[in-house]
There are 2 protein chains.
Amino acid sequence: MNEIENITVGAVLKQIRKSKKMSQEELAHRSSLDRTYISMLERNIKQPTITTIFLLSEALGLKPSEFVNLLEDEFVGYTIKRTTV
Amino acid sequence: MNEIENITVGAVLKQIRKSKKMSQEELAHRSSLDRTYISMLERNIKQPTITTIFLLSEALGLKPSEFVNLLEDEFVGYTIKRTTV
DNA sequence: GTAAACCACGTACTATGGTCTACAAATGTT
DNA sequence: AACATTTGTAGACCATAGTACGTGGTTTAC
């Protein structure tokens, strides 16, 4: 079984944002988040809280559960192993 | 429009956990999270990251998107206002 | 009653979410 | 080429996610 430490949103976030032809700066403005933070999310350096998921989804025009559903598809077959046990 | 600062998972989390007749400690063990942290989530003192949502959903036997869908239903009509603008 | 399970709650601590400023490196446009 | 737009990246900073310890209070069962 494949193991990962965290759920990362970079691929999904970038894909949706590009499909909406939106820049990081525009997404940052619409979600009232920082542009450099959006960049970090897309490069999988940070992971968002549930509130940030809601903000991003709203700004991208889809439901948070739809966003999360795309994450599920990406991480099918993976289990999360906690490093700090 | 009703405004909130954060998405809180307390009500949904507690409801699902109780419906599965699971204690906080058992949920903590299954999700490899701390029991007192589960307690804080249920009392809306902390908000989880997306990884924690996945861990909790897995432990509770539902899909993360289903968990988030329940949150959506709870927060229909609410907008998130950022305090730290 | 008393034991045992469950949970609220406090405090202290480490790790990381998220902001902000600034600059470099791509990428696109003409 | 030159210019504008977009994105990567670093470093400092504050707020909070998450752990770990304890204590006390409530419920359920014997």
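Every chain is numbered from 1 and lettered A, B, ... according to where its sequence line falls, protein lines coming before strand lines. Source: prediction; values computed, not measured.
Distance A/Leu13 CG to C/dG18 C1': 15 Å, rounded to the nearest Å. Put simply, OH on A/Tyr37 is 22 Å from P on D/dT6, counting in whole angstrom units. Residue A/Glu5 contributes atom CD, which lies 13 Å from atom C1' of C/dA15 at whole-angstrom precision. Here the C1' atom of nucleotide D/dT6 and the NZ atom of A/Lys14 are 11 Å apart, to the nearest Å. Atom pair B/Asn44:CG and D/dT16:P shows a separation of 15 Å (rounding to whole Å applied). The separation between B/Leu41 atom CG and D/dA17 atom P is 9 Å, rounded to whole Å. One interatomic measurement links the two molecules: NZ of B/Lys46 to P of C/dC13, which rounds to 15 Å at whole-angstrom precision. Spacing between atom CZ of B/Arg35 and atom C1' of D/dT23 amounts to 12 Å, rounded to whole angstrom units.
Under the 4.5 Å side-chain criterion, counting only non-hydrogen atoms from C-beta, A/Arg35 is not in contact with A/His29. Using a 4.5 Å heavy-atom cutoff, the side chains of A/Ile16 and A/Phe67 are in contact.
Ranked by how close their nearest DNA chain C nucleotide is to the 5' end, B/Ser23 and B/Gln47 are led by B/Ser23. Both A/Ile45 and B/Arg17 lie near DNA chain C, and the one whose nearest nucleotide falls closer to the 5' end is B/Arg17.
Closest to the side chain of A/Gln24, from the set D/dT19, D/dG8, C/dC7, is D/dG8.
Atom CD of A/Glu72 is surrounded by more than 12 heavy atoms from other residues, nucleotides or ligands within 6.0 Å.
At a threshold of 4.0 angstrom between heavy atoms, the contacts of A/Thr36 include nucleobase atoms, whether or not backbone atoms are also involved.
At the phosphate of D/dG18, OP1 or OP2 sits under 4.0 Å from a side-chain N or O atom of B/Thr49. The side chain of B/Ser39 contributes no N or O atom lying less than 4.0 Å from OP1 or OP2 of C/dC7.
Between A/Glu42 and A/Arg17 there is a salt bridge, with a side-chain nitrogen of the basic residue lying less than 4.0 Å from a carboxylate oxygen of the acidic one.
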**Message:** Set out, in order, the CA-CA distance, both residues' side-chain angles and the distance that settles side chain to side chain contact (heavy atoms under 4.5 Å, CB included) for A/Leu41 and A/Thr8, then state yes or no.
**Reply:** CA-CA 8 Å; A/Leu41 287 177; A/Thr8 50; over 6 Å; no
